[in-house]
Amino acid sequence: MSDVRVRFAPSPTGFFHIGSARTALFNWLYARHAGGTFVLRIEDTDRARNTDESLQVLLDGMRWLGLDWDEGPDAGGDYGPYFQSQRQSIYDTYLKRLHDAGRTYEKDGAIWFKLEGERYTAYDKFLEAEVEKVKTKPVVIDDLIRGRVERAEERDFVLVRKDGSPAFHFVNVVDDIAMRITHVIRGEDHLSNTSKHVELFKAFGVEPPKFAHIPLILKEAGSGKMSKRDKGALIEEYESRGFLAAAVRNYISLLGWNPKDEREKLDIGEIIELFDFPGINKGNSRFDEKKLAALNAEYLRELNIESFTFLARPLLNEAGVIGEGLDEDYLQAVLTLCQPKARSLDTLSELCGYFFRDAYAMDEKTGAKIAKKTDPEALLAEVLPILDTVEPFKADAIKSALELHAAAEDQPVFAYFPALRYAISGQGGGPDLLPMLEVMGRERVTARIRKFIA
RNA sequence: CUCCCGUUCGUCUAGCCUGGUCUAGGACACAUGGUUUUCAUCCAUGCAACAGGGGUUCGAAUCCCCUACGGGAGGCCA
């Protein structure tokens, strides 16, 4: 195992969104690529908004995506505890070091970090107040993705809040030191904060880890980075909609990273092998659910029928399409027909619901289209006796019988198809018609046609 | 307002470091056609981009500068 140690340090908010998931994924990928250690650290210093449920959402999301951590909650490790709320004594020790070095002071009941440099007061337009500023020497951040970035911090910041709880910048740096983190891979939204962190590392006399600030994911529509409230932002949503974890993982790995060749569908082993900093982009990327859906469809089609059925069942159940007394063989036969047409599992009930329910909606547009060109009732009346009697009720036999009749009527056989499909499914599209008739069975098919004609 | 980061088809991106092979490649989406029925599958074709301006150079998507635009940060949130 290499000495690479990376961490994903989320704050449990009750959501696990795409941006966080991608940061977690990139950290995990790099750890696996380098043969290092992936640490999961829970940054729960904000007492107001941390609950067990929130933590659970996070851990479930991580597990669903297959991002296993080597150290952290439920995993243990030599650098615990992995909840910041349990690390108070460590923060006390580190705070004392800063205090002894003369780098802290108290103000308004909070403990502040003291920057080094000439002090002056100035009116700050953004804060709309007179504030004390410090002329510091700019710190240099050697970013693995952005190169050399220089930035000067100009205001002291809070280390410990009035209520005694340690604040983000402080605990983040302390833990990265204490947990011997070698690479900090995080969103670019933290780049501006990094000068604070570097000041802290310097005050502790510790060499900072290597930083890699990855581009942000922008919302699909409108401006700004994606946040919890945006459409499609939550990982849990993809899980419940029946997206495949492998597809989601593959898609988000491609947001801001690429394997430098033209492949897009990559299995996780390949991604791990190819993943590295030079492949990471600088520019932000916009989330595109259609592309995710397309990739998901590819993964879906590759599934064997057992896995496909396993995943589809709960969604069909939820949609009320299937229920008690279900014929398993029939379900399997139907899904075998529908799988090649499926783009996502959450629309499967619309795609194939009529196989199970006699009360299916008739798509008016399709009906009008068919009625405009032909007389569907008449065509179906012609065909009904054939379907009543053809033996066996199998695709091939049905096809031959229909062809025979069509020839006698001097019609192409497919003249009957649209009306037939529409009568038994209410739709204009779907699986191949002949196998579909076979699977539905004589009874169901003829009953539906009779009802349609009547 | 200040500081930081970025900018190739509508979107994700290759190419940029190491200037010529780029009439800028792929994918999603879209459009058309095909797969002798349908279709959200499959195949083919098409559409479509180097943000703008100035340099440097024989030559710039590639190097430099400026402008514009986009994003982020500036919390006793993380």
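On a predicted model such as this, the values are computed, not experimentally measured, just so you know. Below, chains carry the letters A, B, ... as their sequence lines are ordered, and counting in each starts from 1.
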Practice problem: Consider the side chain of A/Arg146, meaning its heavy atoms from C-beta on, and name the nucleotide among B/A78, B/G6, B/U37 that approaches it most closely. | Solution: B/G6
Result block: side-chain N/O donor-acceptor pairs under 3.5 angstrom for residues 395-405 of chain A, not counting sequence neighbours:
residue, atom, partner, partner atom, Å
A/Ser400, OG, A/Asp396, O, 2.9
A/His405, NE2, A/Glu382, OE1, 2.8
A/His405, NE2, A/Tyr416, OH, 3.4

Quiz item: Between B/C42, B/U37, B/A40, which one does the side chain of A/Arg301 approach most closely?
Solution: B/C42
Quiz item: Do A/Arg5 and A/Phe38 pass the side-chain contact (heavy atoms from CB on, under 4.5 Å) test, and can you show the C-alpha distance, the side-chain angles, and the key distance before you say yes or no?
Solution: CA-CA 6 Å; A/Arg5 291 177 59 82; A/Phe38 178 52; over 6 Å; no
Quiz item: Quick one: which of B/A29, B/G72, B/C3 gets closest to the side chain of A/Lys225?
Solution: B/G72
Quiz item: So, A/Ser20 side chain and A/Phe16 main chain: donor-acceptor pair closer than 3.5 Å or not?
Solution: no
Self-check item: Mate of B/C30 where both pairing distances stay under 3.5 Å, Watson-Crick or G-U
Solution: B/G46
Quiz item: Donor-acceptor pair, A/Gln339 side chain versus A/Leu303 backbone, under 3.5 Å?
Solution: yes
Pairs under 3.5 angstrom, nitrogen or oxygen only, protein versus nucleotides 12-19 of chain B, please.
residue, atom, partner, partner atom, Å
B/C12, OP1, A/Arg286, N, 2.8
B/C12, O2', A/Leu254, O, 3.3
B/C12, O2, A/Lys291, NZ, 3.4
B/U13, OP1, A/Gly256, N, 2.5
B/U13, O3', A/Asn258, ND2, 2.9
B/A14, OP1, A/Asn258, ND2, 2.4
B/A14, OP1, A/Asn281, ND2, 3.2
B/A14, OP2, A/Asn281, ND2, 3.4
B/G15, OP1, A/Lys260, NZ, 3.4
B/G15, OP2, A/Lys260, NZ, 3.1

Self-check item: Shortest non-hydrogen contact between A/Thr136 and A/Glu116, atoms and distance
Solution: CG2-O, 3.4 Å
Quiz item: What nucleotide, of B/G26, B/G72, B/A78, holds the atom closest to the side chain of A/Glu262?
Solution: B/G26
Quiz prompt | Of the listed nucleotides B/U37, B/A78, B/G75, the one nearest the side chain of A/Arg421 | solution = B/U37
Quiz prompt | Side-chain heavy-atom pair A/Leu25, A/Ser253 within 4.5 angstrom cut-off | solution = yes
